[in-house]
Structure formats: structure tokens, C-alpha cells
Chemist: 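Starting off with a structure, shown below.
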Amino acid sequence: MRRKLTIMLSAVVMLLMLFGCGDEYPPPFQLFCSLPADGSQLAKPDNSLNVSALGKAFYISDDLVFHLGDRLVKHNLNTLEITQLLPMAFVITDKSYLAIDRQNQLLYFSADYAIYRIGFNGQGLTKLSPDGNGNYCAPALSTCGQYLTAIRDRHISRMDINTMAWIDLPEPDIALYAVYASDEDAYYYYFRHFPQLYADNRVGLSRFDPNTQVSTVFLSEYDMDSSGFDETLKAQVSESGRYFAMQFVIEPRDVGFMFGPEWTRSVSRLKIYDRITGQYIEIPDSFCYAFVPDGDILLYSHLKYGMADLMQMDLATRTSTMIWDGYYIKDFYSYAVTEIIPRDDGQMIHLNAWERSRLKIENNKSFTAPR
């Protein structure tokens with residue numbers, strides 16, 4: 001009996017110890033904010049882009065923002081006017097990629113698994129992809145602006161914008177997003193490959209030469225999700241079509257279960273490829289990134305001294321400068337940054353970030369109070 005009681009008491013002690021294994025600090029919370037490119041004044045909170053409600057933002061100027069979410073809308077930050085560009089019957093089926101022809105003021109997008117074109121003011125809505133030819137997504141303008149690529153059931157399709165004639169490539173059949181480099185007569189495409197061995201699942205960037213029918217891999221990473229298109233994979237191309245980048249981006253999450261909350265954040269390698277020089281850049285411990293459309297500038301956030309900062313890299317010189325160190329105010333810091341949205345000129349930047357306190361819970365009884 002005494003031995004049984006001892007075992008029970010030991011079990012209770014172990015459980016009490018486990019109950020103390022949760023976070024000692026208050027949980028982080030999501031915070032939208034903004035700051036100019038010189039980092040001079042952080043505005044928080046700033047949800048003027050209204051990303052959480054309207055979807056992914058393409059920030060052309062303060063009076064012209066496009067959102068790709070459940071609907072395709074136009075948003076004026078100065079007047080707060082929001083305009084639906086599509087009839088309600090249309091359903092956006094690709095919420096990641098919107099091809100923007102700024103010179104001709106045209107948008108290319110995927111709705112109802114087809115490719116459409118529409119003017120900045122909602123005029124001239126036109127279906128471009130053929131009927132009954134599969135599901136289309138991921139529209140992208142070529143480097144010369146005369147061609148549009150899209151993904152049709154994991155294959156690459158290309159349309160001549162002047163004639164609206166399409167060609168379909170039988171290979172590759174693992175494409176997620178592709179850009180036609182007309183100066184090379186080659187396709188650069190992001191892929192997801194599912195071989196028979198799960199351990200070999202890969203995502204990456206390849207170049208396909210249609211003349212030789214050969215694909216060459218430039219960037220590759222172990223696939224974190226083998227279920228299909230993983231939305232944590234962020235694959236982007238610079239506006240010039242010169243630089244390609246990829247990274248896994250994951251929101252902070254509570255991984256605690258029985259013994260209280262326990263928050264974790266994720267960083268991964270940011271990989272960049274320069275197709276002109278063939279050079280490769282890797283940034284470790286990164287949270288997220290974005291290209292600035294006007295100029296070959298990369299914005300990224302990485303883990304530094306326990307905080308998520310904001311950095312700017314001149315891709316021509318490979319030099320980085322800090323815009324923001326990650327401090328909000330004393331004892332409150334940037335726990336993670338999971339989206340960077342620059343204005344086209346790069347002079348204003350919006351962040352989807354997470355704030356957390358450095359004060360332990362017992363010393364921070366009012367951490368939820370407004371500051």
C-alpha cells in the first residue's frame with residue numbers, strides 16, 4: 001500500500017512539474033503596422049491596407065491597391081473607397097498570383113479555374129484560356145511583356161498577348177508557377193516533385209529549355225508538405241524578371257496542449273537566384289521577404305538578437321541595411337514578421353507582424369492593457 005501511495009505521489013509531482021512547462025511569457029499577438037523605407041517612424045497598429053478582410057494586397061500607390069482574396073477588388077487608401085472589379089458570380093481560384101501590366105493598366109488573374117484579363121477600372125473583362133482545356137492558375141507576364149504564362153494542371157501554358165494564341169508544353173508536369181524569359185527563349189518555373197520515396201519530396205526552381213527539352217534545377221528544398229500546393233511556400237519573381245526567390249513562411253502558433261500554451265515561431269532559409277549572373281544568395285533564419293517592384297531591392301525579415309527585424313538588400317551589390325531593429329517600445333518586441341507589403345516605389349512598407357512582451361507573466365499582470 002505504501003509503495004502504491006509513493007508511486008501516486010510521484011506521479012502527482014511529475015504532473016505539477018509538467019504544468020509549469022508552458023510559456024513564462026504572455027502569448028504574442030498579430031499586429032499590422034507600417035513604416036517608411038528609412039525606418040524613421042513606425043505606425044502601429046496600422047491596418048489601413050485591410051489585408052485580413054480583403055486578401056493579399058498589391059500596393060501600387062496610396063490611391064491604388066489591388067486585393068486578391070475571395071474577390072478581386074480595388075482599394076483607395078486616401079478615400080477608403082473599395083470597388084469590386086468582378087461580378088459576384090466569379091470566384092477567385094488563385095489567391096496568390098496577380099499579373100499586373102502597369103503600362104497598359106491591365107490585370108491578369110485566375111477565376112473559376114480560368115485565366116481572365118480586366119482593366120484597372122473594371123473595364124474589358126475577357127476570358128483568355130480555352131474552354132474545356134483543364135484548370136488554369138498562376139498567371140505571369142514574360143520579361144518582355146508580350147507573353148503570358150499560366151499553369152494548366154501542373155503543365156506550363158503560354159499565350160501570345162497580341163494574338164491570344166496559346167501553346168501547351170507537355171513537359172514539365174510538376175510546375176507551380178512559371179515565367180517566360182523571352183531574351184533566353186526559356187522558362188523558369190517553380191516545381192513540386194513527388195517521387196516514390198517520401199524523403200525525396202522536393203520543391204524548387206528550374207529552367208526549361210524548349211529547344212533541348214532539358215530542365216536544370218537551380219534552387220531546391222525539402223518539401224514540408226506533400227499534400228499538394230502548400231500555401232506556406234512563397235515563390236516570387238522580381239518585377240524585372242531577373243531574380244527568383246523561395247521560402248517557407250509559417251505563422252506563429254500555439255503548440256501547447258494539456259499543460260498550457262506554448263508558442264513557437266518558424267524561420268527558414270531564404271534562397272535567391274540571379275538568372276543573369278547565375279549567382280545564388282542564401283539568407284538563414286528568415287521569416288519572410290518581398291521584392292520592391294521599382295528597382296531590384298529585396299526586403300526581408302530575419303531572426304536577430306531574438307527579434308524579427310526588417311532588412312533591405314540591394315541585389316546588385318548584395319549589401320544589406322537595417323530598416324527596423326524589431327523593437328516596438330521598451331520590453332515589447334517583434335516576435336515574427338509573416339508578410340511584407342511594399343509600395344511600388346518602396347518608400348512605404350506595411351507589415352503583418354507579431355508583438356510579444358519580454359516581461360514574464362508574474363511580473364506583467366497588465367500585459368493585455370492598451371499601451
Side-chain angles (χ1 to χ4, degrees), residues 49 51 55-60 65-69 94-102 107-110 137-143 145 148-151 156 175-181 187-192 203-207 218-221 223-224 229-251 267-276 279-283 286-302 310-316 320 337-346 349-352:
L49 279 186
V51 175
K56 183 176 180 178
F58 298 83
Y59 186 12
I60 312 299
V65 182
F66 294 107
H67 291 270
L68 199 61
D94 180 353
K95 299 179 182 180
S96 297
Y97 293 110
L98 178 71
I100 304 175
D101 182 345
R102 291 163 173 79
L107 305 173
Y108 297 86
F109 61 96
S110 174
C137 65
L141 289 166
S142 64
T143 53
L148 183 82
T149 55
I151 303 303
I156 300 172
L176 298 174
Y177 179 65
V179 172
Y180 177 58
Y187 298 85
Y188 286 81
Y189 67 96
Y190 292 95
F191 66 85
R192 168 167 272 115
V203 294
L205 171 73
S206 286
R207 177 186 184 274
F218 295 115
L219 303 180
S220 182
E221 188 73 81
D223 193 357
M224 298 178 66
F229 186 82
D230 179 8
E231 292 187 354
T232 65
L233 175 64
K234 304 302 179 184
Q236 297 182 23
V237 184
S238 67
E239 188 69 20
S240 67
R242 174 173 176 172
Y243 298 97
F244 295 77
M246 57 175 279
Q247 179 186 19
F248 290 104
V249 178
I250 302 174
E251 298 275 1
V267 292
S268 64
R269 288 174 292 188
L270 169 56
K271 296 184 175 184
I272 306 115
Y273 177 74
D274 180 346
R275 74 174 181 91
I276 302 300
Q279 293 181 319
Y280 165 80
I281 306 169
E282 183 173 303
I283 299 172
S286 174
F287 287 99
C288 65
Y289 73 97
F291 288 110
V292 175
D294 286 351
D296 287 324
I297 299 295
L298 178 79
L299 301 174
Y300 65 94
S301 175
H302 74 332
L310 180 63
M311 304 290 293
Q312 175 179 286
M313 176 186 286
D314 183 333
L315 290 167
S320 291
V337 175
T338 51
E339 189 175 15
I340 302 171
I341 310 168
R343 197 167 64 194
D344 259 17
D345 61 8
I349 304 164
H350 283 247
L351 302 176
N352 177 1

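Worth knowing before you read on, the calculation uses all heavy atoms, side chains too, and leaves out hydrogens, waters and symmetry mates.
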Chemist: Does the side chain of Tyr280 reach to within under 4.5 Å of the side chain of Leu219, using non-hydrogen atoms?
Modeler: yes
Chemist: Assess the residue pair Val51 and Asn352 against the criterion (side chain to side chain contact (heavy atoms under 4.5 Å, CB included)); give the C-alpha distance rounded to whole Å, side-chain angles, the decisive distance to 0.1 Å, and a yes or no.
Modeler: CA-CA 9 Å; Val51 175; Asn352 177 1; over 6 Å; no
Chemist: Is any side-chain heavy atom of Tyr273 less than 4.5 Å from a side-chain heavy atom of Leu205?
Modeler: yes
Chemist: Can you tell me how far CZ of Phe58 sits from CG of Leu107, rounded to the nearest 0.5 angstrom?
Modeler: 9.5 Å
Chemist: Look only at the side chain of Asp94 and the backbone of Ala138, and say whether a donor-acceptor pair between them is shorter than 3.5 Å.
Modeler: yes
Chemist: Taking the side chain from Thr149 and the backbone from Ala178, do they hold a donor-acceptor pair closer than 3.5 Å?
Modeler: yes
Chemist: Less than 4.5 Å apart, side chain to side chain, heavy atoms only: is that true for Tyr97 and Pro139?
Modeler: yes
Chemist: Looking at Tyr177 and Cys137, would you say the former's side chain and the latter's main chain have a donor-acceptor pair under 3.5 Å?
Modeler: no
Chemist: After noting the C-alpha distance and the side-chain angles of Ile341 and Leu351, does the key distance pass the side chain to side chain contact (heavy atoms under 4.5 Å, CB included) rule?
Modeler: CA-CA 6 Å; Ile341 310 168; Leu351 302 176; over 6 Å; no
Chemist: Could you note down all residue pairs passing side chain to side chain donor-acceptor pair (under 3.5 Å) where residues 289-301 supplies at least one of them, sequence neighbours left out?
Modeler: Ser240-Asp296, Tyr300-Ser320
Chemist: Quick one: are Ile60 and Val65 in side-chain contact, heavy atoms under 4.5 Å?
Modeler: no
Chemist: Using a 3.5 Å distance criterion without hydrogens, assess whether the side chain of Tyr190 forms a donor-acceptor pair with backbone atoms of Gln236.
Modeler: yes
Chemist: What residues, two or more places apart in sequence or in another chain, satisfy salt bridge (Lys or Arg N to Asp or Glu O under 4.0 Å) together with Arg269?
Modeler: Glu221
Chemist: Are the aromatic ring centres of Tyr187 and Tyr180 under 6.0 angstrom apart?
Modeler: yes
Chemist: Could you pull out the closest heavy-atom pair between Val337 and Ile340, with the gap in Å?
Modeler: CG1-CG1, 4.1 Å
Chemist: Measure the acute angle between the ring planes of Tyr188 and Phe218, then classify it against the limits of 30° and 60° as parallel, tilted or perpendicular.
Modeler: parallel
Chemist: Using side chain to side chain contact (heavy atoms under 4.5 Å, CB included), reason through Leu270 and His302 one step at a time and then give a plain yes or no.
Modeler: CA-CA 9 Å; Leu270 169 56; His302 74 332; over 6 Å; no
Chemist: Are the side chains of Arg102 and Glu239 in contact, using a 4.5 Å heavy-atom criterion?
Modeler: yes
Chemist: Minimum heavy-atom separation for Ile250 to Thr338, with atom names?
Modeler: O-CG2, 3.9 Å
Chemist: I need the Arg275 CZ to Tyr243 OH distance, nearest 0.5 Å.
Modeler: 10.5 Å
Chemist: Verify, without hydrogens or angle tests, whether His67 (side chain) and Leu49 (backbone) share a donor-acceptor contact under 3.5 angstrom.
Modeler: yes
Chemist: Does Lys234 reach the main-chain N or O of Gln247 with its side chain, forming a donor-acceptor pair under 3.5 Å?
Modeler: no
Chemist: Roughly how far apart are Ser268 OG and Phe287 CZ, rounded to 0.5 Å?
Modeler: 10.0 Å
Chemist: Quick check: do Leu298 and Phe291 have side-chain heavy atoms less than 4.5 Å from each other?
Modeler: yes
Chemist: If you measure from CD1 on Ile272 to CD on Gln279, what distance do you get to the nearest 0.5 Å?
Modeler: 12.0 Å
Chemist: Check the pair Lys56 / Leu98 against side chain to side chain contact (heavy atoms under 4.5 Å, CB included), numbers first and verdict last.
Modeler: CA-CA 10 Å; Lys56 183 176 180 178; Leu98 178 71; over 6 Å; no
Chemist: Where is the tightest heavy-atom contact between Ile156 and Ala175, given as atom of each residue plus distance?
Modeler: CG1-CB, 4.0 Å
Chemist: Please find the pair of heavy atoms, one from Leu141 and one from Tyr108, that lie closest to each other, and give the distance.
Modeler: CD2-CE1, 4.0 Å
Chemist: For the residue pair Val292 and Leu299, establish whether any side-chain heavy-atom pair is separated by less than 4.5 Å.
Modeler: yes
Chemist: Kindly write out the residues that satisfy salt bridge (Lys or Arg N to Asp or Glu O under 4.0 Å) with Arg343, not counting sequence neighbours, or none if the list is empty.
Modeler: Asp62, Asp345
Chemist: Lys271 side chain to Ser220 main-chain N or O, any donor-acceptor pair under 3.5 Å?
Modeler: yes
